[in-house]
S.K.: 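Okay, here's the structure, questions in a sec.
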Amino acid sequence: MTQSSAPDVIEQLADLADPADTVHLQRFFKTAPGEYGEGDVFIGVRVPKTRSVVKKHVGLALPQIRLLLDSDVHEHRLAGLLILVAQFEKVSRPKFFDDEGRARIAGFYLTAVEDGRVNNWDLVDSSAGQILGGWLYDRDRRLIFELSDSGDLWRRRVALLTTYGFITRGDASTTLELAAQVLGDRRDLTQKAMGWMLREVGKRVDRDLLTGFLTENAADMGRMALSYACEHLTADERAHFRAAR
């Protein structure tokens, strides 16, 4: 059987590309000068179609995944990350558990983050919680704060979304600690990520942890983060915390 390669993935994505979707995706992901996705290149492949290609190449070797991540084309990078997530999830299952493999994938992913290849919100959101969240759950988490402390938008979002992997396992501690440290970051994509993770703390872990955090910090939170965090609270509670600002 012929082994999959990055060119195979690229060719199959090109076959599914729609020029009309290219225009929409460039606008949606803010690729104009001065916007957060400035310069990102799209060929017009929607996520479900990208996932259909990924399913055919889940065994892609890491050097080939790196070729996808090094591409200027957004859909190539997304496909590479989705393949990486599939590989990490496989070697994390009891039947196939391979901690060396998990370490290798997590290290590979972290290198891609540090090299600036995980550089739009959907790329972060579809990979950080799954890979780093799974890998760091029962390990030293200082790396998360190092990523956030860099101040880089995408590294900070990776740090925040990594904690989703802890939240789904019932642990809100790192989310709350990190959120408290980035309260002053008013960038939209940080605000949304912070508020989203806080909301999930209340929804999936402990509602009282969320309201306790908001009681202490609502006055210092940005409007957007607070709005996201309060989504599942009662109308009276939302009004109370918004008034704190």
S.K.: How are the rings of F42 and F29 set to each other: parallel, tilted or perpendicular (split at 30° and 60°)?
M.R.: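 Rings of F42 and F29: parallel, as their planes differ by under 30°.
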S.K.: For the side chain to side chain contact (heavy atoms under 4.5 Å, CB included) test, which of L81, D70, L13 pairs with H76?
M.R.: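 Exactly one pass, corresponding to L13.
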S.K.: Taking salt bridge (charged side-chain N to carboxylate O under 4.0 Å, His left out) as the test, write out the residues that go with R199, two or more places apart.
M.R.: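 So R199 forms a salt bridge (charged side-chain N to carboxylate O under 4.0 Å, His left out) with E231.
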S.K.: With sequence neighbours excluded, give me every salt bridge (Lys or Arg N to Asp or Glu O under 4.0 Å) pair touching residues 212-226.
M.R.: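 Residue pairs passing salt bridge (Lys or Arg N to Asp or Glu O under 4.0 Å), neighbours aside: none found.
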S.K.: Side-chain contact, heavy-atom cut-off 4.5 Å: L69 with V118?
M.R.: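 When only atoms from C-beta onward are counted, V118 and L69 do not touch, as no gap falls below 4.5 Å.
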S.K.: Are the side chain of T22 and the backbone of I43 linked by a donor-acceptor contact shorter than 3.5 Å?
M.R.: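 Such a contact is found between T22 side chain and I43 backbone.
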S.K.: Residues in side-chain hydrogen bond (donor to acceptor under 3.5 Å, both in side chains) with R142, at least two apart?
M.R.: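 Residues passing side-chain hydrogen bond (donor to acceptor under 3.5 Å, both in side chains) with R142: D140.
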S.K.: Are any non-hydrogen side-chain atoms of H74 and T31 less than 4.5 angstrom apart?
M.R.: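 Result no, sub-4.5 Å side-chain heavy-atom pair not found.
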S.K.: Any chance you could measure R139, atom CZ, to I144, atom CD1, to the nearest 0.5 Å?
M.R.: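 Going from CZ on R139 over to CD1 on I144, the span is 12.5 Å.
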S.K.: Closer than 4.0 angstrom, basic N to acidic O: yes or no for D125 and R157?
M.R.: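 Between R157 and D125 there is a salt bridge, with a charged N closer than 4.0 Å to a carboxylate O.
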S.K.: Less than 4.5 Å apart, any side-chain heavy atom of L132 and any of Y164?
M.R.: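 In short, these two side chains do not touch, never coming nearer than 4.5 Å.
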S.K.: So does V53 get a backbone contact from the side chain of Q12, meaning a donor-acceptor N/O pair under 3.5 Å?
M.R.: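 Not a single qualifying donor-acceptor pair exists.
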S.K.: Can you tell me how far CD of Q130 sits from OG1 of T162, rounded to the nearest 0.5 angstrom?
M.R.: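 Going from OG1 on T162 over to CD on Q130, the span is 9.5 Å.
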S.K.: Does the side chain of R102 pick up a donor-acceptor pair with the side chain of S92 at under 3.5 Å?
M.R.: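 Yes, because at least one side-chain N or O of R102 sits under 3.5 Å from a partner of the opposite role on S92.
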S.K.: Suppose we screen for salt bridge (charged side-chain N to carboxylate O under 4.0 Å, His left out). Which residues come up paired with D171, at least two apart in sequence or across chains?
M.R.: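 In terms of salt bridge (charged side-chain N to carboxylate O under 4.0 Å, His left out), with neighbours along the sequence ignored, D171 is linked to R141.
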S.K.: If the condition is side-chain hydrogen bond (donor to acceptor under 3.5 Å, both in side chains), which residues does D18 pass it with, not counting sequence neighbours?
M.R.: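 Partners of D18 under the side-chain hydrogen bond (donor to acceptor under 3.5 Å, both in side chains) test: none.
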S.K.: Could you note down all residue pairs passing salt bridge (Lys or Arg N to Asp or Glu O under 4.0 Å) where residues 23-38 supplies at least one of them, sequence neighbours left out?
M.R.: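 Matches after skipping sequence neighbours: none remain.
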S.K.: Using modelled atom types only, decide if a donor and an acceptor are shared between the side chain of T163 and the backbone of T175 within a distance under 3.5 Å.
M.R.: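 Not a single qualifying donor-acceptor pair exists.
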S.K.: If the condition is salt bridge (charged side-chain N to carboxylate O under 4.0 Å, His left out), which residues does R46 pass it with, not counting sequence neighbours?
M.R.: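 With sequence neighbours excluded, R46 shows a salt bridge (charged side-chain N to carboxylate O under 4.0 Å, His left out) to D21, given in chain and number order.
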S.K.: Check the hydrophobic clustering (I, L, V, M, F, W, Y; side-chain heavy atoms under 4.5 Å; chains of links allowed) and say if V201 and Y137 are grouped together.
M.R.: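 The answer is yes; both residues are in one hydrophobic cluster.
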S.K.: Side chains of L143 and L110: closer than 4.5 Å at any heavy-atom pair?
M.R.: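 The answer is yes; the side chains approach within 4.5 Å.
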S.K.: Do K56 and V9 have side-chain heavy atoms sitting under 4.5 Å apart?
M.R.: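 K56 does not reach V9 side chain to side chain.
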S.K.: Which distance, rounded to the nearest 0.5 Å, do you find between the CH2 of W154 and the CG of L189?
M.R.: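 The distance works out to 5.0 Å.
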S.K.: Are any non-hydrogen side-chain atoms of I10 and S71 less than 4.5 angstrom apart?
M.R.: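 When only atoms from C-beta onward are counted, S71 and I10 do not touch, as no gap falls below 4.5 Å.
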S.K.: Quick one: do the Q64 and H57 side chains pair a donor with an acceptor below 3.5 Å?
M.R.: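 No.
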S.K.: Can you list every side-chain hydrogen bond (donor to acceptor under 3.5 Å, both in side chains) pair that touches residues 103-117, not counting sequence neighbours?
M.R.: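 Passing the test, one end in residues 103-117: R66-D115, Y109-S127.
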S.K.: Indicate yes or no for a side-chain donor-acceptor contact from S52 to the backbone of K49 under 3.5 Å, with no hydrogens or angles considered.
M.R.: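 Yes; judged by distance alone, with no hydrogens or angles, the pair exists.
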S.K.: Just to verify, what does S227 make a side-chain hydrogen bond (donor to acceptor under 3.5 Å, both in side chains) with, not counting sequence neighbours?
M.R.: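 Here no residue qualifies.
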S.K.: Any salt bridge (Lys or Arg N to Asp or Glu O under 4.0 Å) involving residues 181-191? Give me the pairs, sequence neighbours left out, ordered by first then second residue.
M.R.: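 Listed once each, the pairs are R156-D185, D185-R187.
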S.K.: Is a donor on one side and an acceptor on the other found under 3.5 Å between the side chain of R155 and the backbone of L147?
M.R.: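 Side chain of R155 to backbone of L147: no pair is present.
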S.K.: Can you list the residues that meet the side-chain hydrogen bond (donor to acceptor under 3.5 Å, both in side chains) rule with R77, with sequence neighbours excluded?
M.R.: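 If we apply the side-chain hydrogen bond (donor to acceptor under 3.5 Å, both in side chains) test to R77, skipping adjacent residues, the hits are D40, N119.
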S.K.: Quick one: does S126's side chain get under 4.5 Å of L78's, heavy atoms only?
M.R.: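 Yes, their side chains come closer than 4.5 Å.
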S.K.: With sequence neighbours excluded, what pairs up with E237 under the salt bridge (charged side-chain N to carboxylate O under 4.0 Å, His left out) test?
M.R.: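 Only R207 meet the salt bridge (charged side-chain N to carboxylate O under 4.0 Å, His left out) criterion with E237.
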